[in-house]
Amino acid sequence: MVQFEMWDSDEPVPRLELLKKVKGCDGILCVLTEKIDAQLLEAAGPNLKVVSTMSVGFDHLSLDELKKRGIRVGYTPDVLTDCVAELTVALLLATSRRLIEATHEAKTGGWGTWRTLWLCGHELANSTVGILGLGRIGVAIAERLKPFKVKKFIYTDVAPRPELANMIEAEYVSFDELAKQSDFLAVCCALTQETHGICNWNLFSKMKKNAIFINTSRGGVVNQEDLYEALSTGLIAGAGLDVTTPEPLPTHHPLFTLKNCVILPHIASASYTTRNAMSALAANNLLAGLRGEPMPKELKL
(Lines give C-alpha, C1' and ligand atoms only; values in the text may rest on other atoms or scores of the structure.)
Protein backbone atom coordinates (compact mmCIF):
# COMPACT_ATOMS: atom_id res chain seq x y z
CA MET A 1 0.00 0.00 0.00
CA VAL A 2 1.20 3.50 -0.88
CA GLN A 3 0.56 6.36 1.52
CA PHE A 4 0.82 9.79 -0.03
CA GLU A 5 0.33 13.44 0.79
CA MET A 6 -0.64 15.86 -1.96
CA TRP A 7 -0.27 19.63 -2.22
CA ASP A 8 -3.78 20.39 -3.46
CA SER A 9 -3.28 23.75 -5.14
CA ASP A 10 -2.27 25.15 -8.51
CA GLU A 11 0.14 27.45 -6.68
CA PRO A 12 3.65 26.05 -5.99
CA VAL A 13 4.14 24.54 -2.56
CA PRO A 14 6.00 27.02 -0.28
CA ARG A 15 9.62 25.98 0.16
CA LEU A 16 9.48 25.67 3.96
CA GLU A 17 6.33 23.57 3.72
CA LEU A 18 7.98 21.31 1.15
CA LEU A 19 11.11 20.85 3.27
CA LYS A 20 8.93 19.88 6.22
CA LYS A 21 6.68 17.47 4.30
CA VAL A 22 9.42 15.50 2.50
CA LYS A 23 10.95 14.22 5.75
CA GLY A 24 11.04 10.43 5.71
CA CYS A 25 9.47 10.11 2.23
CA ASP A 26 10.34 7.15 0.01
CA GLY A 27 9.38 9.01 -3.16
CA ILE A 28 8.66 12.52 -4.42
CA LEU A 29 6.54 13.49 -7.42
CA CYS A 30 7.31 17.08 -8.38
CA VAL A 31 6.79 19.62 -11.15
CA LEU A 32 9.32 22.10 -12.54
CA THR A 33 8.54 24.76 -9.90
CA GLU A 34 10.20 22.64 -7.20
CA LYS A 35 13.97 22.81 -6.80
CA ILE A 36 15.20 19.35 -5.88
CA ASP A 37 18.63 20.21 -4.47
CA ALA A 38 20.97 19.14 -1.67
CA GLN A 39 18.97 21.04 0.94
CA LEU A 40 15.75 19.22 0.03
CA LEU A 41 17.42 15.82 -0.24
CA GLU A 42 18.98 16.31 3.20
CA ALA A 43 15.56 17.23 4.56
CA ALA A 44 14.02 14.11 3.01
CA GLY A 45 16.56 11.82 4.58
CA PRO A 46 17.93 8.36 3.71
CA ASN A 47 14.56 6.73 2.89
CA LEU A 48 14.22 8.63 -0.39
CA LYS A 49 14.58 6.21 -3.31
CA VAL A 50 12.97 7.97 -6.27
CA VAL A 51 12.12 11.42 -7.62
CA SER A 52 9.60 11.63 -10.44
CA THR A 53 9.21 14.95 -12.23
CA MET A 54 6.18 15.83 -14.35
CA SER A 55 8.33 17.49 -17.00
CA VAL A 56 10.65 16.70 -19.86
CA GLY A 57 13.15 19.31 -18.64
CA PHE A 58 15.23 18.53 -15.56
CA ASP A 59 17.20 21.71 -14.91
CA HIS A 60 15.31 22.06 -11.59
CA LEU A 61 16.90 18.81 -10.37
CA SER A 62 20.42 18.65 -8.91
CA LEU A 63 21.45 15.55 -10.84
CA ASP A 64 24.86 15.25 -9.17
CA GLU A 65 23.27 15.23 -5.72
CA LEU A 66 20.67 12.66 -6.79
CA LYS A 67 23.31 10.42 -8.33
CA LYS A 68 25.54 10.70 -5.25
CA ARG A 69 22.69 9.44 -3.10
CA GLY A 70 21.65 6.67 -5.50
CA ILE A 71 18.19 8.19 -6.03
CA ARG A 72 16.48 7.21 -9.27
CA VAL A 73 14.81 9.86 -11.44
CA GLY A 74 11.74 9.57 -13.66
CA TYR A 75 10.67 12.21 -16.19
CA THR A 76 8.07 12.64 -18.97
CA PRO A 77 9.58 12.91 -22.46
CA ASP A 78 7.77 11.94 -25.69
CA VAL A 79 4.21 12.46 -24.38
CA LEU A 80 4.45 16.23 -24.81
CA THR A 81 6.33 16.32 -28.14
CA ASP A 82 3.29 16.93 -30.37
CA CYS A 83 1.77 19.48 -28.04
CA VAL A 84 4.98 21.53 -27.72
CA ALA A 85 5.57 21.38 -31.48
CA GLU A 86 2.03 22.65 -32.17
CA LEU A 87 2.44 25.54 -29.75
CA THR A 88 5.85 26.42 -31.22
CA VAL A 89 4.33 26.68 -34.70
CA ALA A 90 1.43 28.75 -33.35
CA LEU A 91 3.86 31.10 -31.58
CA LEU A 92 6.05 31.35 -34.67
CA LEU A 93 3.08 32.32 -36.85
CA ALA A 94 1.65 34.72 -34.26
CA THR A 95 5.03 36.46 -34.04
CA SER A 96 5.95 36.51 -37.72
CA ARG A 97 2.49 37.62 -38.90
CA ARG A 98 2.07 40.08 -36.00
CA LEU A 99 -1.23 38.60 -34.85
CA ILE A 100 -1.19 39.96 -31.28
CA GLU A 101 -0.42 43.44 -32.59
CA ALA A 102 -3.17 43.07 -35.19
CA THR A 103 -5.88 42.00 -32.74
CA HIS A 104 -4.94 44.96 -30.53
CA GLU A 105 -5.31 47.35 -33.50
CA ALA A 106 -8.69 45.85 -34.39
CA LYS A 107 -9.94 46.20 -30.81
CA THR A 108 -8.66 49.70 -30.13
CA GLY A 109 -9.67 51.55 -33.30
CA GLY A 110 -6.42 51.31 -35.22
CA TRP A 111 -8.13 49.47 -38.10
CA GLY A 112 -8.73 52.17 -40.69
CA THR A 113 -8.63 52.05 -44.46
CA TRP A 114 -6.55 49.42 -46.26
CA ARG A 115 -2.86 50.39 -46.22
CA THR A 116 -0.17 48.86 -48.41
CA LEU A 117 2.42 47.87 -45.81
CA TRP A 118 0.38 48.09 -42.60
CA LEU A 119 1.02 45.11 -40.25
CA CYS A 120 3.08 43.29 -42.88
CA GLY A 121 5.00 40.33 -41.52
CA HIS A 122 7.27 37.55 -42.76
CA GLU A 123 6.11 34.33 -44.40
CA LEU A 124 7.46 30.79 -44.23
CA ALA A 125 7.32 30.00 -47.95
CA ASN A 126 10.85 29.76 -49.43
CA SER A 127 12.42 30.44 -46.04
CA THR A 128 15.25 28.77 -44.13
CA VAL A 129 14.25 27.44 -40.71
CA GLY A 130 17.01 26.87 -38.16
CA ILE A 131 16.71 24.57 -35.16
CA LEU A 132 19.00 24.97 -32.16
CA GLY A 133 19.11 21.55 -30.50
CA LEU A 134 17.67 18.84 -32.72
CA GLY A 135 15.70 16.34 -30.67
CA ARG A 136 12.21 14.87 -30.86
CA ILE A 137 10.55 18.27 -30.49
CA GLY A 138 12.76 19.91 -33.14
CA VAL A 139 11.88 17.15 -35.62
CA ALA A 140 8.17 17.48 -34.79
CA ILE A 141 8.31 21.25 -35.37
CA ALA A 142 9.99 20.77 -38.76
CA GLU A 143 7.43 18.15 -39.79
CA ARG A 144 4.64 20.63 -39.10
CA LEU A 145 6.39 23.50 -40.88
CA LYS A 146 7.24 21.54 -44.03
CA PRO A 147 3.77 21.98 -45.62
CA PHE A 148 4.31 25.75 -45.44
CA LYS A 149 6.81 25.32 -48.33
CA VAL A 150 9.91 25.95 -46.24
CA LYS A 151 12.91 25.88 -48.58
CA LYS A 152 15.50 24.46 -46.17
CA PHE A 153 15.91 23.17 -42.61
CA ILE A 154 19.25 23.58 -40.86
CA TYR A 155 20.29 22.72 -37.32
CA THR A 156 23.14 22.75 -34.89
CA ASP A 157 23.78 20.58 -31.86
CA VAL A 158 26.74 19.36 -29.84
CA ALA A 159 27.30 16.87 -32.67
CA PRO A 160 25.52 15.93 -35.93
CA ARG A 161 22.39 13.81 -35.41
CA PRO A 162 22.00 12.14 -38.82
CA GLU A 163 19.14 9.77 -37.89
CA LEU A 164 16.90 12.60 -36.72
CA ALA A 165 18.13 15.03 -39.39
CA ASN A 166 17.33 12.57 -42.18
CA MET A 167 13.70 12.47 -41.05
CA ILE A 168 13.31 16.16 -41.97
CA GLU A 169 16.13 16.49 -44.54
CA ALA A 170 17.94 18.96 -42.29
CA GLU A 171 21.53 20.07 -42.82
CA TYR A 172 24.00 20.26 -39.93
CA VAL A 173 25.70 23.67 -39.72
CA SER A 174 27.89 25.57 -37.25
CA PHE A 175 26.36 27.84 -34.62
CA ASP A 176 27.47 30.91 -36.60
CA GLU A 177 25.97 29.60 -39.83
CA LEU A 178 22.72 28.83 -38.03
CA ALA A 179 22.58 32.49 -36.97
CA LYS A 180 23.48 33.84 -40.41
CA GLN A 181 21.22 31.63 -42.54
CA SER A 182 18.01 31.30 -40.49
CA ASP A 183 14.93 33.31 -41.40
CA PHE A 184 13.21 31.61 -38.47
CA LEU A 185 15.21 30.23 -35.55
CA ALA A 186 13.54 27.81 -33.14
CA VAL A 187 15.33 27.04 -29.88
CA CYS A 188 14.66 23.46 -28.73
CA CYS A 189 17.74 22.62 -26.65
CA ALA A 190 17.84 21.56 -23.01
CA LEU A 191 19.11 24.03 -20.42
CA THR A 192 22.59 22.90 -19.38
CA GLN A 193 25.80 24.60 -18.26
CA GLU A 194 26.83 24.70 -21.93
CA THR A 195 23.57 26.19 -23.24
CA HIS A 196 22.97 28.71 -20.43
CA GLY A 197 22.80 32.16 -22.06
CA ILE A 198 23.88 30.78 -25.45
CA CYS A 199 21.35 32.99 -27.24
CA ASN A 200 23.07 36.29 -26.63
CA TRP A 201 24.45 39.27 -28.54
CA ASN A 202 26.91 37.00 -30.34
CA LEU A 203 23.94 35.15 -31.88
CA PHE A 204 21.58 38.08 -32.44
CA SER A 205 24.25 40.28 -34.05
CA LYS A 206 24.81 37.66 -36.76
CA MET A 207 21.12 37.10 -37.55
CA LYS A 208 19.21 38.64 -40.47
CA LYS A 209 17.22 41.83 -39.92
CA ASN A 210 14.07 39.96 -40.99
CA ALA A 211 14.74 36.98 -38.69
CA ILE A 212 12.20 35.68 -36.19
CA PHE A 213 13.52 34.12 -32.97
CA ILE A 214 11.36 31.55 -31.13
CA ASN A 215 12.09 29.95 -27.75
CA THR A 216 9.93 27.18 -26.28
CA SER A 217 12.75 25.39 -24.41
CA ARG A 218 13.89 27.14 -21.22
CA GLY A 219 14.26 30.84 -20.45
CA GLY A 220 17.82 30.39 -19.21
CA VAL A 221 19.21 29.74 -22.69
CA VAL A 222 18.49 33.38 -23.60
CA ASN A 223 20.25 36.54 -22.44
CA GLN A 224 17.10 38.68 -22.19
CA GLU A 225 18.98 42.00 -22.00
CA ASP A 226 20.70 41.21 -25.31
CA LEU A 227 17.40 40.09 -26.83
CA TYR A 228 15.75 43.36 -25.79
CA GLU A 229 18.57 45.33 -27.44
CA ALA A 230 18.30 43.25 -30.63
CA LEU A 231 14.53 43.72 -30.84
CA SER A 232 14.38 47.38 -29.84
CA THR A 233 17.09 48.43 -32.31
CA GLY A 234 15.67 46.42 -35.24
CA LEU A 235 18.62 44.04 -35.32
CA ILE A 236 16.11 41.20 -35.71
CA ALA A 237 12.45 41.42 -36.70
CA GLY A 238 10.71 39.69 -33.82
CA ALA A 239 10.76 37.15 -31.02
CA GLY A 240 8.22 34.73 -29.58
CA LEU A 241 8.90 33.38 -26.08
CA ASP A 242 6.98 30.74 -24.16
CA VAL A 243 9.69 30.67 -21.49
CA THR A 244 11.48 33.46 -19.64
CA THR A 245 13.74 34.19 -16.67
CA PRO A 246 12.23 34.47 -14.15
CA GLU A 247 8.82 32.89 -14.50
CA PRO A 248 6.47 34.63 -14.27
CA LEU A 249 8.24 37.52 -15.97
CA PRO A 250 7.47 40.75 -14.04
CA THR A 251 4.85 42.81 -15.87
CA HIS A 252 7.18 45.84 -15.87
CA HIS A 253 9.91 43.94 -17.75
CA PRO A 254 11.17 45.89 -20.80
CA LEU A 255 10.37 43.02 -23.18
CA PHE A 256 6.65 43.60 -22.54
CA THR A 257 6.98 47.12 -23.96
CA LEU A 258 7.95 45.83 -27.41
CA LYS A 259 5.38 45.27 -30.14
CA ASN A 260 7.69 42.79 -31.87
CA CYS A 261 7.94 40.46 -28.87
CA VAL A 262 5.19 37.93 -28.12
CA ILE A 263 5.40 36.43 -24.62
CA LEU A 264 3.33 33.46 -23.45
CA PRO A 265 3.13 32.12 -19.86
CA HIS A 266 4.93 28.79 -20.40
CA ILE A 267 1.98 26.92 -21.95
CA ALA A 268 3.72 24.72 -24.54
CA SER A 269 2.49 21.48 -22.98
CA ALA A 270 -0.88 22.93 -21.93
CA SER A 271 -3.39 20.66 -23.61
CA TYR A 272 -5.77 18.42 -21.65
CA THR A 273 -4.50 15.32 -23.45
CA THR A 274 -0.84 16.04 -22.80
CA ARG A 275 -1.13 17.12 -19.17
CA ASN A 276 -3.17 13.98 -18.40
CA ALA A 277 -0.54 11.80 -20.11
CA MET A 278 2.28 13.58 -18.23
CA SER A 279 0.48 13.06 -14.91
CA ALA A 280 -0.04 9.34 -15.55
CA LEU A 281 3.55 8.81 -16.70
CA ALA A 282 4.98 10.69 -13.70
CA ALA A 283 2.86 8.57 -11.33
CA ASN A 284 3.83 5.31 -13.06
CA ASN A 285 7.51 6.27 -12.96
CA LEU A 286 7.21 6.90 -9.22
CA LEU A 287 5.42 3.61 -8.49
CA ALA A 288 7.87 1.57 -10.57
CA GLY A 289 10.79 3.24 -8.80
CA LEU A 290 9.33 2.49 -5.38
CA ARG A 291 8.90 -1.18 -6.37
CA GLY A 292 12.47 -1.35 -7.65
CA GLU A 293 11.22 -2.06 -11.19
CA PRO A 294 12.21 -0.47 -14.52
CA MET A 295 10.49 2.91 -14.94
CA PRO A 296 8.54 3.65 -18.13
CA LYS A 297 10.83 6.68 -18.57
CA GLU A 298 13.92 6.89 -16.38
CA LEU A 299 16.59 9.55 -16.62
CA LYS A 300 19.92 7.74 -16.58
CA LEU A 301 22.29 9.51 -14.21
Side-chain angles (χ1 to χ4, degrees), residues 32 53 55-64 66-67 72-85 87-89 92 127-146 150-208 211-223 226-227 236 239 241-243 245 268-269 295 297-301:
L32 50 79
T53 180
S55 64
V56 65
F58 42 82
D59 47 284
H60 57 299
L61 310 179
S62 297
L63 300 183
D64 288 345
L66 289 158
K67 184 176 182 179
R72 296 171 67 192
V73 176
Y75 70 137
T76 60
D78 302 332
V79 293
L80 48 64
T81 299
D82 288 335
C83 192
V84 174
L87 189 279
T88 305
V89 172
L92 185 153
S127 69
T128 295
V129 172
I131 299 169
L132 178 55
L134 186 66
R136 292 174 293 266
I137 291 171
V139 169
I141 291 166
E143 287 172 341
R144 283 157 178 76
L145 290 178
K146 200 169 185 179
V150 169
K151 181 176 66 181
K152 186 166 72 165
F153 291 102
I154 58 177
Y155 77 99
T156 196
D157 212 312
V158 289
R161 307 195 68 180
E163 284 186 23
L164 289 171
N166 289 342
M167 294 168 70
I168 53 170
E169 298 177 344
E171 177 191 341
Y172 180 77
V173 296
S174 68
F175 186 74
D176 279 2
E177 282 303 311
L178 189 81
K180 290 174 186 173
Q181 292 186 37
S182 297
D183 297 300
F184 299 87
L185 179 52
V187 181
C188 308
C189 59
L191 177 59
T192 64
Q193 284 184 329
E194 291 73 33
T195 63
H196 190 271
I198 196 172
C199 299
N200 54 27
W201 190 257
N202 176 49
L203 175 77
F204 302 132
S205 64
K206 294 183 174 78
M207 290 174 71
K208 300 177 181 181
I212 302 291
F213 175 83
I214 303 293
N215 184 20
T216 53
S217 61
R218 285 289 184 269
V221 303
V222 178
N223 181 313
D226 289 356
L227 178 61
I236 63 173
L241 310 174
D242 184 48
V243 286
T245 306
S269 67
M295 291 183 194
K297 292 292 177 181
E298 182 167 0
L299 187 62
K300 299 299 180 187
L301 303 180

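Counting from 1, the numbers follow the sequence of the chain as shown.
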Show the atom names and distances, to 0.1 Å, of all donor-acceptor pairs under 3.5 Å that link a side chain in residues 162-176 to residues at least two apart or in another chain.
from	atom 1	to	atom 2	distance (Å)
N166	ND2	P162	O	3.1
Y172	OH	D157	O	3.2
S174	OG	E177	N	3.1

Shortest non-hydrogen contact between G135 and R161, atoms and distance: CA-NH1, 3.9 Å

D59: partners by salt bridge (Lys or Arg N to Asp or Glu O under 4.0 Å), with sequence neighbours left out: R218

Any donor-acceptor pair under 3.5 Å from D242 side chain to T216 backbone: no

Heavy-atom closest contact (K152 atom, I154 atom, distance): CE-CG2, 3.9 Å

Approximate separation, where rounding is to 0.5 Å, of T88 OG1 and I214 CD1: 8.0 Å

K146 vs V150 side-chain heavy atoms within contact, under 4.5 Å: no

Heavy-atom donor-acceptor pair, Y155 side chain to G138 backbone, under 3.5 Å: no

Non-hydrogen side-chain atoms of D183 and I212 separated by less than 4.5 Å: no

Closest heavy-atom pair and its distance - G130, L178: CA-CD1, 3.8 Å

Any side-chain heavy-atom pair of D82 and R144 under 4.5 Å: yes

Minimal non-hydrogen separation, T81 against A140, with atom names: CG2-CB, 3.7 Å

Test log, rule side-chain contact (heavy atoms from CB on, under 4.5 Å), inputs L132 and S182: CA-CA 11 Å; L132 178 55; S182 297; over 6 Å; no

Beyond-backbone contact of L185 with I236, side-chain heavy atoms, under 4.5 angstrom: no

S55 side chain near Y75 side chain, heavy-atom distance below 4.5 Å: no

Approximate separation, where rounding is to 0.5 Å, of F58 CZ and L32 CG: 13.0 Å

Test side chain to side chain contact (heavy atoms under 4.5 Å, CB included) applied to C188 - qualifying residues, sequence neighbours left out: I131, I141, A186

Closest approach of K208 to Q181 (non-hydrogen atoms, all atoms of both residues): NZ-O, 3.2 Å

Non-hydrogen side-chain atoms of T76 and T53 separated by less than 4.5 Å: no

Gap between atom CG of L203 and atom CE of M207 - 0.5 Å precision: 5.5 Å

V187 vs T195 side-chain heavy atoms within contact, under 4.5 Å: no

S217 side chain near L191 side chain, heavy-atom distance below 4.5 Å: no

Closest heavy-atom pair and its distance - C189, G133: CB-CA, 4.0 Å

Spacing of CZ belonging to F184 relative to CG belonging to L145, to within rounding of 0.5 Å: 8.5 Å

